[in-house]
Enquirer: 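Here it is, the structure in full.
Starting from 1, each residue takes its place in the sequence as its number. Scope of the values below: all heavy atoms of this structure, side chains included, with no hydrogens, waters or symmetry mates.
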Amino acid sequence: MKNNSITIKQQEAHDLPAICRLIEEAFASVQESNHREQFLVTRLLSSPGFIPELSLTAWIQNELVGYILLTEIEILSDSTSKPSLSLAPLAVRPKFQKQASVPL
């Protein structure tokens with residue numbers, strides 16, 4: 001029986017090329033995409049809002065199957081500024097998309 005349990009890990013620097021390939025693959029058939037999401041990630045990783053603990057990879061055995069990045073932002077209004085988090089991107093390898101559940 002194949003072990004399909006997912007392991008979530010903080011991104012490591014050497015993961016970036018695999019993350020970029022995963023993002024390209026995940027957005028390849030998305031009509032609304034400009035197919036440049038992987039470049040957004042490289043910019044966000046060097047931005048002031050980057051929080052290393054919120055750049056997460058998902059693995060099944062030795063295969064990278066998902067990625068999520070949350071960065072710090074501020075929501076501004078006329079009178080206030082509220083710190084928040086922005087989610088972008090969230091990418092899942094296509095063969096694992098549209099599944100009701102995956103064991104953790």
Enquirer: Assigning hydrophobic clusters by single linkage (Ile, Leu, Val, Met, Phe, Trp, Tyr; side-chain heavy-atom cutoff under 4.5 Å), is L87 placed with Y67?
Expert: no
Enquirer: How many angstroms lie between CD in E74 and OG in S84, if you round to the nearest 0.5 Å?
Expert: 10.0 Å
Enquirer: Got H14 and L16 here, is their nearest side-chain heavy-atom distance under 4.5 Å?
Expert: no
Enquirer: Could you measure the distance from the CG atom of L56 to the CD1 atom of I68? Nearest 0.5 Å is fine.
Expert: 7.0 Å
Enquirer: Show your working on salt bridge (charged side-chain N to carboxylate O under 4.0 Å, His left out) between K95 and E63 and close with a plain yes or no.
Expert: CA-CA 12 Å; K95 71 181 181 181; E63 180 180 8; 3.3 Å; yes
Enquirer: So, the side chain of S46 versus the backbone of R43: is there a donor-acceptor pair under 3.5 Å, distance only?
Expert: yes
Enquirer: What's the separation between atom CD in Q11 and atom CG in L45, rounded to the nearest 0.5 Å?
Expert: 5.0 Å
Enquirer: Looking only at heavy atoms, what is the nearest atom pair of P17 and A13, with distance?
Expert: CD-O, 4.5 Å
Enquirer: Run the side-chain contact (heavy atoms from CB on, under 4.5 Å) test on I51 and L85 for me, step by step, so that the C-alpha distance in whole Å, both residues' side-chain angles and the decisive distance to 0.1 Å come before the verdict.
Expert: CA-CA 10 Å; I51 303 168; L85 294 172; 3.9 Å; yes
Enquirer: Verify whether one side chain among T42 and Q38 offers a donor that lies under 3.5 Å from an acceptor in the other.
Expert: no
Enquirer: Hey, are the side chains of V41 and P89 touching, using non-hydrogen atoms and a 4.5 Å cut-off?
Expert: yes
Enquirer: Determine whether V92 and Q99 make a side-chain contact, defined as any pair of heavy atoms from C-beta on separated by less than 4.5 Å.
Expert: no
Enquirer: I'd like to check the side-chain contact (heavy atoms from CB on, under 4.5 Å) partners of L64; sequence neighbours left out, ordered by chain and number.
Expert: A18, I19, L22, T57, W59, R93
Enquirer: Measure the CG-CG distance between L90 and L69 for me, rounded to the nearest 0.5 Å.
Expert: 10.5 Å
Enquirer: What residues form a side-chain contact (heavy atoms from CB on, under 4.5 Å) with E32, not counting sequence neighbours?
Expert: V30
Enquirer: When you measure from the side chain of H35 to the backbone N and O of F27, does any donor-acceptor pair fall under 3.5 Å?
Expert: yes
Enquirer: OG/S81 to CD1/I75 distance, rounded to the nearest 0.5 angstrom?
Expert: 9.0 Å
Enquirer: In the structure I gave you, are the side-chain heavy atoms of S86 and L70 within less than 4.5 Å of one another anywhere?
Expert: no
Enquirer: About how many Å separate CG of L76 and NZ of K82, when rounded to the nearest 0.5 Å?
Expert: 11.5 Å
Enquirer: S47: which residues meet the side-chain contact (heavy atoms from CB on, under 4.5 Å) condition with it, sequence neighbours left out?
Expert: L44, F50
Enquirer: Just so I know, are the side chains of E25 and P94 near enough to count as touching, which here means a heavy-atom distance under 4.5 Å?
Expert: yes
